[in-house]
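Order of the sequence lines sets the chain letters (A, B, ...), proteins ahead of strands, with each chain counted from 1.
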Amino acid sequence: MKVLIIIPAYNESENIERVIADIEQNCPQYDYIVINDCSTDNTAQICEENNYNYLDLCCNLGIGGGVQSGYIYAHRNNYDYAVQIDGDGQHDPQYISQMIEILEKENADMAVGSRFITKEGFQSSGMRRFGINFLSTLIRMVCGANVKDVTSGFRVANRKYIEFFSKEYADDYPEPEAIVAVTLHGGKVVEAPVVMREREGGVSSISPFKSIYYMIKVSLAILLYRITYKGGKK
Amino acid sequence: MGLGLRISLLIAIMIYVVLIFVLLRKKSFTLKYSLLWMFMAVVLLIMVAFPKLVEFLAEVIGVASYINAIFMAFIFFILLLVVTLTSIASKQHREIKTLIQNVALLQKQVDELKNNK
Ligand SMILES: Nc1nc2c(ncn2[C@@H]2O[C@H](COP(=O)(O)OP(=O)(O)O)[C@@H](O)[C@H]2O)c(=O)[nH]1
Ligand SMILES: [Mg+2]
């Protein structure tokens, strides 16, 4: 079983070494690829010096286009599963094997790592949880997928949806939309319990002000996806 | 429509058409994208050539004076052009994204080949 861990990294020089060390120590059986999305700090240099497996994008594509290049890489190199984890150390790679197990057991196409099932560890701010709940409800109404932690960037996709994402993946704030896309195309999305950590260094790309923009943009994107989706409901 | 207005409109359209042709000649314009521009010139010419038509149309759509009808036509075309430009920009955005991704993947392969030697 070939598994690729995709790590989007934008200005993660404070965290990337810890994240890779964690993977190399706890899941040496998996391959990984860091996507340096034109960071303005020395993320690229760190990857080069440590001989990490990494991609260097020459312009900043944002999280969507960045992660998508990881899926293209996974597709071209024939991986069975692609796992997305954040480059800031919030996601513990030890959960990956459980996520894949759950995905296989449930016969699903994508498994989302959710911090709201066991409700342990980092739960995010109240405001952000409110937004996540809203999006979760919207997604359930739009396509029937039952996912609580819809913005979680910790997820596994199988071969079929690696190929799908390599062709079609939203540009910015792609996580919730990807759940809708998979479900509408007849795929099954399940949640797997994980415990998340607080970001270890650097700053989150989503400031309080941006989160309002985020909510409007993502809600619209989800509704639009539903309206413009061709080919009947699954 | 007064003669003065018709002449000034005609001059404006002439300048506009000449500009399009100059840009087309210099190849700084793709023909495909200039079709809408030319179509716009033709419609405006028709409006100048047949003022009675404009007056009639102004009455039909309930515009008080024909000059407002001309303004409306202009604004409508500009909206159409802006929407077209947005769609062109979106398409190019997608293409550029794919290019950047492929450049990065190729770069990686090149580096790997180099290091194997
Ligand atoms: N490729 C790419 N990744 C990004 C960009 N901005 C943020 N990221 C990565 O996306 C992940 C999640 O971002 P983060 O700011 O922690 O968002 P949060 O966890 O939702 O607060 C991290 O791994 C970031 O390095 C970007 O512009 N491009
Ligand atoms: Mg984070």
S.K.: So for B:Asp111, is it side chain, backbone, both, or neither that comes closer than 4.5 Å to the heavy atoms of chain A?
M.R.: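 When you check distances to chain A, no heavy atom of B:Asp111 falls under 4.5 Å.
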
S.K.: To the nearest 0.5 Å, what is the distance between SG on A:Cys58 and CD1 on B:Ile100?
M.R.: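 Interatomic distance, A:Cys58 SG to B:Ile100 CD1, rounded to 0.5 Å: 5.0 Å.
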
S.K.: Of the backbone (N, CA, C, O) and the side chain (C-beta and beyond), which part of A:Asp171 lies under 4.5 Å from a heavy atom of chain B, both, or neither?
M.R.: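 A:Asp171 touches chain B through side-chain heavy atoms alone.
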
S.K.: In Å and rounded to the nearest 0.5 Å, what is the OG to CD distance from A:Ser166 to B:Gln101?
M.R.: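 Atom-to-atom, A:Ser166:OG and B:Gln101:CD are 9.5 Å apart.
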
S.K.: Measure B:Lys108 against the heavy atoms of chain A and call it side chain, backbone, both or neither at under 4.5 Å.
M.R.: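 When you check distances to chain A, only side chain atoms of B:Lys108 fall under 4.5 Å.
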
S.K.: So with a 6.0 Å cut-off around CD of A:Gln25, is the heavy-atom count from everything else above 12?
M.R.: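 Not more than 12 within 6.0 Å, no.
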
S.K.: Does any heavy atom of chain B fall under 4.5 Å from the side chain of A:Leu57, the backbone, both, or neither of them?
M.R.: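 Both backbone and side chain of A:Leu57 come within 4.5 Å of chain B.
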
S.K.: Nearest 0.5 Å please: distance from the CG atom of B:Asn102 over to the CZ atom of A:Arg76.
M.R.: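 That separation rounds to 4.5 Å.
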
S.K.: For the CG atom of A:Asp56 and the CG atom of B:Leu105, what is their distance to the nearest 0.5 Å?
M.R.: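 Nearest 0.5 Å value for the CG-CG distance: 11.5 Å.
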
S.K.: I'd like to know whether CD of A:Glu168 has more than 12 heavy-atom contacts from other residues, nucleotides or ligands below 6.0 angstrom.
M.R.: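 Yes.
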
S.K.: Are B:Gln107 and A:Leu55 side-chain neighbours, meaning at least one heavy-atom pair lies under 4.5 Å?
M.R.: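 No, their side chains stay 4.5 Å or more apart.
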
S.K.: Kindly indicate whether the side chain of A:Asn53, heavy atoms from C-beta on, has any atom under 4.5 Å from the side chain of B:Glu112.
M.R.: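 Side-chain contact under 4.5 Å: yes.
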
